[in-house]
Number of protein chains: 2
Amino acid sequence: MTRRSPAPEAVKAWGRLMRVSRLLVEKTEYALKAAGLPPLAWYDVLHELAEAGEGGLRPFELIDRVLLAQYNVSRLLARLEADGLLEKLPVSDDGRGQTVRITPSGREMRRRIWVVYGASIAALMGDKLSAKELETLAALLGRLRDPLVGG
Amino acid sequence: MTRRSPAPEAVKAWGRLMRVSRLLVEKTEYALKAAGLPPLAWYDVLHELAEAGEGGLRPFELIDRVLLAQYNVSRLLARLEADGLLEKLPVSDDGRGQTVRITPSGREMRRRIWVVYGASIAALMGDKLSAKELETLAALLGRLRDPLVGG
DNA sequence: TCCTTATCGATGCAATTGCATCTATATGAA
DNA sequence: TTCATATAGATGCAATTGCATCGATAAGGA
């Protein structure tokens, strides 16, 4: 990390990015709460587990995907398990680990969250920019990802 | 909030926005921590207070500007005050409130944080996109702000 | 004036997060 | 095998956040 000072355009874009992302998260979390649903992080985990299918995922695989710290994943999984949304299975070839698999309730919860979450995305992004603009935005944001991060 | 489901472009842009903003915040917070400096939220407050000048700001004015909940601002100000970075003054025409003013130490701390924060912005945004692209990004993000929010 | 309601800011308590560390198993070198 | 090191995941404890509410002052109508 060099010690140069940033271009004014960079500062402006940074400020907008920080402010807008927080605003959108806040509004979405609020909508979920108002609907009596759990927070976004739960959706992220359920989404990844649903994608992973019956084979499930190891917690350490989840860590990369959901961008949470190890201890946060550990505790989040414990909460989801307590709610019956996923199950932890021992993994045969590694006694340290476990495999986490989504349950039918978990899939149902994911679906219920998506009704509100998806609507929030539609209202907060889809209604504000055209498809072309959304693609431009996604492309520009993609260039800000760490080169080490694929996808 | 309608119950429509979002366009694929909206979902993709949303995902990028969520992921990139978290990634950039994380990297910046890490850089600050590594330099023995306080978190970004401290900078935000010190920045606003520095802009406000000797007249200071009322806490409720700060709430809009830094996009934090009232109780978070209340406690954040208490921490900054405990560190001597700001002072709270009674306000003559409103017995309920106070005015918060930055101290010289506060200005110095703001400057020190900016060395690292600014460098982080330069590295994470300035180096990744051209000035023109940064302007496009800022303009698109600007359109995502709530219409109620000015600026 | 009196009373009701609104606003400003603080705070008790529970939940969550961050940090450091722990236990247990795996891996790899000697 | 044996020991040192690395990795998977959990957890004790402190700090922070979120929620609800409080105390105090203001504002506005009867």
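Chain A is the first sequence line, chain B the second, and so forth, proteins listed ahead of strands; every chain is numbered from 1. Everything numeric here is computed off the predicted structure, so don't read it as measured data.
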Are there any protein N/O atoms within less than 3.5 Å of an N/O atom in nucleotides 5-7 of chain C, and if so, which ones and at what distance?
unit_1 : atom_1 : unit_2 : atom_2 : d
C:dT7  : O2     : B:R96  : NH1    : 2.6

Legend entry - Strand-adjacent residues in residues 81-95 of chain A, judged by heavy atoms under 4.0 Å from DNA chain D: A:K88

Inset, instruction - With sequence neighbours left out, write down each residue that passes side chain to side chain contact (heavy atoms under 4.5 Å, CB included) with A:D64, or none if nothing qualifies. - result: none

Inset, instruction - State whether the side chain of A:S21 and the backbone N or O of A:L17 hold a donor-acceptor pair below 3.5 Å, judged by distance alone. - result: yes

Inset, instruction - With sequence neighbours excluded, tell me which residues meet side chain to side chain contact (heavy atoms under 4.5 Å, CB included) with A:A50. - result: A:I102, A:R107, A:R110

Inset, instruction - Scan residues 58-102 of chain A for pairs that pass ring pair (Phe, Tyr, Trp, His ring centres under 6.0 Å), counting only residues two or more places apart or in two chains. - result: none

Legend entry - Which residues share a side chain to side chain contact (heavy atoms under 4.5 Å, CB included) with B:A41, sequence neighbours left out: B:L76

Inset, instruction - For A:P39, check side chain to side chain contact (heavy atoms under 4.5 Å, CB included) against everything at least two apart and list the hits. - result: A:E29, A:W42

Inset, instruction - For nucleotides 12-21 of chain C, just jot down a letter per nucleotide in 5' to 3' order: B, S or -, based on protein non-hydrogen atoms under 4.0 Å. - result: BB--SBBB--

Legend entry - Salt bridge flag under 4.0 Å for residues A:E133 and B:R143: yes

Legend entry - Summary of side-chain hydrogen bond (donor to acceptor under 3.5 Å, both in side chains) pairs that have at least one residue in residues 95-106 of chain A, sequence neighbours excluded: A:E87-A:R101, A:D94-A:R96

Legend entry - Residue pairs involving residues 77-86 of chain A (criterion side-chain hydrogen bond (donor to acceptor under 3.5 Å, both in side chains); sequence neighbours excluded): none

Legend entry - Close side-chain approach of A:L37 and A:M109, heavy atoms under 4.5 Å: yes

Inset, instruction - Check each residue of residues 53-66 of chain A for a non-hydrogen atom within less than 4.0 Å of any atom in DNA chain D, then write out the ones that pass by number, or none. - result: A:R58, A:P59, A:F60

Inset, instruction - Using atom CD of B:Q98 as one end and atom P of D:dT25 as the other, report the distance to the nearest whole Å. - result: 14 Å

Legend entry - A:R112 atom CZ, over 12 foreign heavy atoms within 6.0 Å: no

Inset, instruction - With sequence neighbours excluded, give me every ring pair (Phe, Tyr, Trp, His ring centres under 6.0 Å) pair touching residues 86-122 of chain B. - result: A:W14-B:Y117, B:Y43-B:W114, B:Y43-B:Y117, B:W114-B:Y117

